[in-house]
Amino acid sequence: MASHCIHIPPPISSTAVSAATTVLNKLSVCKTLNHIKQLHAQILHHRLNSFLCNLSFSSSSINLTYALSLFSSIPSPPKPTFFNPFLRNLSHSSEPKATILFYKKIRHVGGRLDRYSFPPILKAASKVSAFFEGMEIHGVAVKIATVSDPFVETALVDMYGSCGRINCARKVFDEMSQRDVVTWNTMIERYCRCELVDEAFKLFEEMKSSNVMPDAMILCNIVSACNRTGNMSYNRAIYDFLKGNDVRMDTHLVTALVTLYAGAGCTDIAREFYMKMSVRDLFVSTAMVSGLSKAGRLDDARVIFDQTGNKDLVCWTTMIKAYAESDHPQEGLRVFEELCRSGIKPDDVTMESVISACANLSTMDRAKWVHLYTRSNGFESDLLVNNALINMYAKCGDLDRARDVFEKMPMRDVVSWSTMINAFSMHGEASDALITFARMKEENMEPNEVTFVGVLYGCSHSGLVEEGKKIFASMTNEYSLTPKLEHYGCMVDLFGRANRLREALEIIESMPMAPNVVIWGSLMSACRVHGELELGEVAAKHILELEPNHDGALVLMSNIYAREQRWDDVRNIRRVMEEKNVFKEKGLSRIDLNGKSHEFLIGDKRHKQSDEIYAKLEEVVSKLNLAGYVPHSGSVLVDVEEEEKKDLVLWHSEKLALCFGLMNEEEEEEKGLCDVIRIVKNLRVCEDCHVFFKLVSKVYEREIIVRDRTRFHRYKDGLCSCRDYW
DNA sequence: ATAGGGTTAG
């Protein structure tokens, strides 16, 4: 409205002009100076009034200065009816703080405020969280005796709540003589905003008892608070309430409900609410897509997505993210291509999901492609994008590129640091992880819970027990963070891997929360590695109590027995697994060559170069035998003949992938493409393959990077980056 | 003749 450089007074309304004309006509009959002064005051009043009326939405600082000077020039301060609408407009403007300035000016010139003045002033104080000014205004309101007004009191509740003084808010609320739906909502909303969902729900119940009917907005506040905090304890009650009462729903409430129930896995209830909307709102549809994806119903989500017309960027990104985070990164990239064709420009959140898809795909070709894309589309300094790139390169096994992105970032946040630390940890570079952690401290970047997971993970995977213990203790001592389940998990892992099983068990026993399947799994895995059969069984039994069909527990139990050659027990477990239809996930290894992926299962003969691959395997084995390699059959679970076992071990999928990689090395070398051999495996690398890969890296002078289920192994000159500790 | 809640999807 107003120019930034030259101030043009706003147009005077026609009523104000005629009023001013009337006043001016009176000028000729003025006899005394006092008469003229009075007249002047009236003119100013009219000028101010028309000015304030026209100022509706404009509140530039120049206008405010002008309004304030007009105010000062009026001998007798104007009545509240003059400035109350202006206060309201100011409080709704982008400069709510100006309302308080204006309020101070009114007080300064001795202007009278009434009960209509306070709600806007308090709203402004609420918006800028001005606690001390809010208290002062409260005091003035008491003096002017307007506090028993429900409008003023509701505004006070809102103001105190917004300033984080929830108890002050509650005090005003409790002392109110009458409360309507807006009052209840204000208090409930304030509880929700500070994540006190239990308090909010208590009030919701109280409200019903006092015969005030909750409306859609109140429910929406509670439901979205449940969504934000992950509090599922009211899901049932909310559903029952909506079934038993006729609440007029709007798209806001339905969106929140769909998010709540689909996110909790109750997709039928989510669909029920979704179907209630006759008009398909983009928010509701997107919530449905997101919720179904989170509940693992990706195909259902896709159906909704395809049915949604006029999709916006958020909707597209939701679908891409869903695929990226599940096992379908390829499909995510296809949706991204479709998005690009639709002419909508992706933003940083979209790119974050696309990069995450590439990370899960783990092919360097794709990784380089998406990096190039972000660079040529103006994302080179973007925080979100760069953080995602660090993670992607780390997951693709290229720690150097991950580090390069990190070092070149113009700004880093706690996520950048945590991601980089975690990248080092994944690659077994615990010393780099610790150096980075120390550097973070030097640069005054405050670590969070996620940072500590990364650091502790690094310690546990490199056997730095004492260091890990110190860092774990520093969480509470130095950083006043409360260790969560994941941190205890890292500690169990740390002690377990280091064969300090008693201490691992002590951690579990001292945890303030119930250990979950992952914690027991970590202990059990350590027991298997260190041959602690008895404790392993204890851990496995705990797991099977929590998840009777837990394949990992059954497999690890059979592993424990296999190691002890207790084949009867192995067969028993196998039988249970077959009965319950639980099967161990099959080992699958992938290698990329010239932009094509090649996958191998154990003993796989499906590849068209299969014969060459097995011939290469024989050649490699004979060369390794000269270097002292003896197949280690302990990694085989079932009771088979010794000779057969050796074959099974030799046919592990990663060995086939490796031979395929070696076979094609000459061809690649000619083209100058000779790079490290990169293999991605879905399970952990077995002991035999680990020795095998180390020797190949030496005998064939090749660097090999294997990503397994939990970490990276970088084989070079006969050694592995994990230092045989994994 | 002026006043109080304003949320929902990546």
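The basis for the numbers below is simple: all heavy atoms, side chains too, and nothing from hydrogens, waters or symmetry mates. Residue numbering restarts at 1 for every chain, and letters A, B, ... go by the order of the sequence lines.
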pi-stack flag for A/F151 and B/dG4, centroid dist under 5.5 Å, interplanar under 30°: no
Aromatic stack A/H252/B/dT8: centroid gap under 5.5 Å, interplanar angle under 30°: no
Going by number, which of [range] have a non-hydrogen atom under 4.0 Å from DNA chain B?
range	answer
residues 205-223 of chain A	A/D215, A/M217, A/I218, A/C220
residues 309-332 of chain A	A/D312, A/L313, A/V314, A/T317, A/T318, A/K321
residues 116-124 of chain A	A/Y116, A/P119, A/K123
residues 282-308 of chain A	A/F283, A/T286, A/S290, A/K294

Looking across every strand, which nucleic acid part, if any, lies under 4.0 Å from [X] by heavy atom: base, sugar-phosphate, or nothing?
X	value
A/N227	nothing
A/D347	base
A/S353	nothing

Atom [atom1] of [X] to atom [atom2] of [N]: distance rounded to whole Å?
X	N	atom1	atom2	value
A/M187	B/dG5	CE	P	15 Å
A/L156	B/dA3	CG	C1'	13 Å
A/D158	B/dT7	CG	P	12 Å

Can you check whether [X] has a side-chain N or O nearer than 4.0 Å to OP1 or OP2 of [N]?
X	N	value
A/R115	B/dT2	no
A/S224	B/dT8	yes
A/H92	B/dG4	yes

Residues that A/Y373 engages under ring-ring contact (aromatic ring centres under 6.0 Å, His included), provided they are two or more places apart: A/F336
Residue list, side chain to side chain donor-acceptor pair (under 3.5 Å) with A/S126, at least two apart or on another chain: A/D158
